[in-house]
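The structure displayed is predicted, hence computed values, not measured ones. Atom set for the values below is all heavy atoms of this structure, side chains included, hydrogens, waters and symmetry mates excluded.
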Amino acid sequence: MLSSINLVDVFLVAMAILMIAIMNHPLMQLTSGDFSLIRDEGKPTMEIMVKQGEKLTRFQATGTSSEGNGMKAGTAYRMNDGTMVYVPTHSDDNNSNSEPQP
């Protein structure tokens, strides 16, 4: 009888550890708040998922380049450590084609 009680205790501790591990899983953070998720980045099968509140929107790449009318909004730089830095272009009516100032 005593050994079966010890097995129940071990089982309860294992279940508690499992529940804590599930609650700390990184995907659990996606259920709260807004997020954007990119799958297959840079490939023709690229997909972007955006969650805003309760609304989930999926954008799928067509494999072709996009085109349209517009103007340059800024420049993105990839740093040596892999992070990206976006520098917006200043919107001056006098000098709209100038490079952004650091």
Side-chain angles (χ1 to χ4, degrees):
M1 181 72 175
L2 189 58
S3 63
S4 65
I5 293 173
N6 286 338
L7 288 176
V8 170
D9 291 341
V10 170
F11 178 73
L12 289 174
V13 170
M15 287 293 107
I17 292 171
L18 182 62
M19 288 175 55
I20 291 170
I22 289 173
M23 293 305 294
N24 289 331
H25 194 275
L27 290 179
M28 288 299 292
Q29 296 172 0
L30 297 180
T31 60
S32 62
D34 299 342
F35 70 89
S36 298
L37 179 69
I38 301 174
R39 293 176 49 189
D40 298 332
E41 181 180 355
K43 297 179 182 174
T45 59
M46 184 173 80
E47 181 178 25
I48 301 172
M49 289 185 256
V50 179
K51 179 181 179 255
Q52 293 176 328
E54 295 295 318
K55 183 179 178 185
L56 182 65
T57 308
R58 295 174 83 176
F59 301 98
Q60 293 182 328
T62 59
T64 61
S65 295
S66 299
E67 61 181 58
N69 297 327
M71 58 189 310
K72 185 176 181 180
T75 306
Y77 298 95
R78 183 178 306 275
M79 307 307 285
N80 289 338
D81 63 356
T83 59
M84 298 289 286
V85 176
Y86 171 73
V87 180
T89 302
H90 297 288
S91 60
D92 296 350
D93 291 337
N94 299 337
N95 196 3
S96 62
N97 291 332
S98 67
E99 288 296 315
Q101 301 297 321

Item checked: Approximate separation, where rounding is to 0.5 Å, of D34 CG and E54 CD -> 10.0 Å
Item checked: F11, CZ: over 12 other non-hydrogen atoms inside 6.0 angstrom -> no
Next item on the list: Taking all non-hydrogen atoms of both residues into account, name the closest pair between L56 and K51 and its distance.
Entry: CD1-CB, 3.9 Å
Next item on the list: Only counting residues at least two apart or in another chain, list the ones meeting salt bridge (charged side-chain N to carboxylate O under 4.0 Å, His left out) with R58.
Entry: E47
Note to self: Could you check whether atom CG of N69 has more than 12 heavy atoms from other residues, nucleotides or ligands sitting under 6.0 Å from it?
What the structure shows: no
Checklist line | Least distance between heavy atoms, S36 atom then V50 atom | finding: OG-CG2, 4.0 Å
Notebook entry, point to check: Quick one: do F59 and I38 end up in the same hydrophobic cluster if we chain Ile, Leu, Val, Met, Phe, Trp and Tyr together by side-chain heavy atoms under 4.5 Å apart?
Noted result: yes
Margin query: So, taking the atom named CE in M46 and the one named CZ in R39, what distance separates them when rounded to the nearest 0.5 Å?
Written below: 12.5 Å
Note to self: Are more than 12 heavy atoms, taken from residues, nucleotides or ligands other than M84, located less than 6.0 Å from that residue's CE atom?
What the structure shows: yes
